[in-house]
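Remarks on the structure that follows.
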Amino acid sequence: MFTLNYETNVRIPENEGFKTAPANTPLLCVEGGSAGRKLGFVNQTVCFGNKLCAFNANNADAKWIYYILQSSLFQKQFDSLKHGLIGGVSTKLEIML
């Protein structure tokens, strides 16, 4: 797991249309050389950029999703679905485990 830096001194005004992830959400890098390999678990609400995907747990345990994203089965499926020069996947992608 990578340590997340919450103190970047960048403040984003509310209602500006940025993507947010609530506390207790796994975030996965889905584009570039780190696609599928860099994963974090936020403990507070954060705004995030284009290269990340937030996994909202809905009725599932968020930590369970976090651990699934680290599994070899997920990694194998993710890698098989990467495309393009920079090796990314669509955030609309559905992977069945």
Side-chain angles (χ1 to χ4, degrees):
M1 174 168 73
F2 293 89
T3 302
L4 300 175
N5 180 5
Y6 295 99
E7 297 302 323
T8 63
N9 293 322
V10 174
R11 300 294 177 244
I12 306 213
E14 290 187 37
N15 303 320
E16 290 293 323
F18 290 94
K19 297 181 283 185
T20 61
N24 300 317
T25 299
L27 288 176
L28 179 69
C29 179
V30 294
E31 182 180 295
S34 298
R37 291 195 299 257
K38 286 196 176 177
L39 173 67
F41 193 85
V42 298
N43 61 15
Q44 63 189 44
T45 299
V46 297
C47 289
F48 62 96
N50 294 348
K51 294 183 179 190
L52 297 175
C53 180
F55 289 81
N56 293 332
N58 292 331
N59 296 324
D61 183 312
K63 280 288 189 177
W64 180 80
I65 293 172
Y66 173 77
Y67 291 115
I68 289 294
L69 294 173
Q70 296 178 65
S71 73
S72 59
L73 177 59
F74 174 82
Q75 290 297 315
K76 183 185 252 184
Q77 289 183 0
F78 184 93
D79 287 343
S80 74
L81 296 169
K82 285 194 288 188
H83 56 81
L85 294 174
I86 58 174
V89 297
S90 169
T91 56
K92 294 174 179 44
L93 180 68
E94 291 186 28
I95 296 177
M96 303 301 290
L97 293 176

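- Separation of atoms SG (Cys53) and NZ (Lys19) is listed at 8.0 Å; rounding is to 0.5 Å.
- Applying the salt bridge (charged side-chain N to carboxylate O under 4.0 Å, His left out) test to pairs two or more places apart or on separate chains, those with a residue in residues 69-79 are Asp79-Lys82.
- Put simply, the side chain of Phe55 does not reach to within 4.5 Å of the side chain of Ile68, judged on heavy atoms.
- For Asn56, there are no side-chain hydrogen bond (donor to acceptor under 3.5 Å, both in side chains) partners two or more places apart in sequence or in a different chain.
- Summarising the geometry of Thr45 relative to Pro22, their closest heavy-atom pair is OG1-CA, 3.7 Å, with the distance given to 0.1 Å.
- Of the possible polar contacts, one joining the Gln75 side chain to the Leu69 backbone as a donor-acceptor pair under 3.5 Å is found.
- Residues Val30 and Phe78 come closest through the heavy atom pair CA-CZ, 4.1 Å.
- Remark: Phe74 CZ to Leu39 CG distance equals 8.5 Å, nearest 0.5 Å.
- Atom CG of residue Leu52 and atom OG of residue Ser34 lie 10.0 Å apart, to the nearest 0.5 angstrom.
- Here Phe41 contributes atom CZ and Tyr67 contributes atom OH; the two are 8.5 Å apart, rounded to the nearest 0.5 Å.
- Residues meeting the side-chain contact (heavy atoms from CB on, under 4.5 Å) test with Ala21, sequence neighbours left out: Thr25, Leu27, Val46, Phe48, Ala54.
- The two residues Ala62 and Asn24 come nearest to each other via the heavy atoms CB-O, 3.1 Å.
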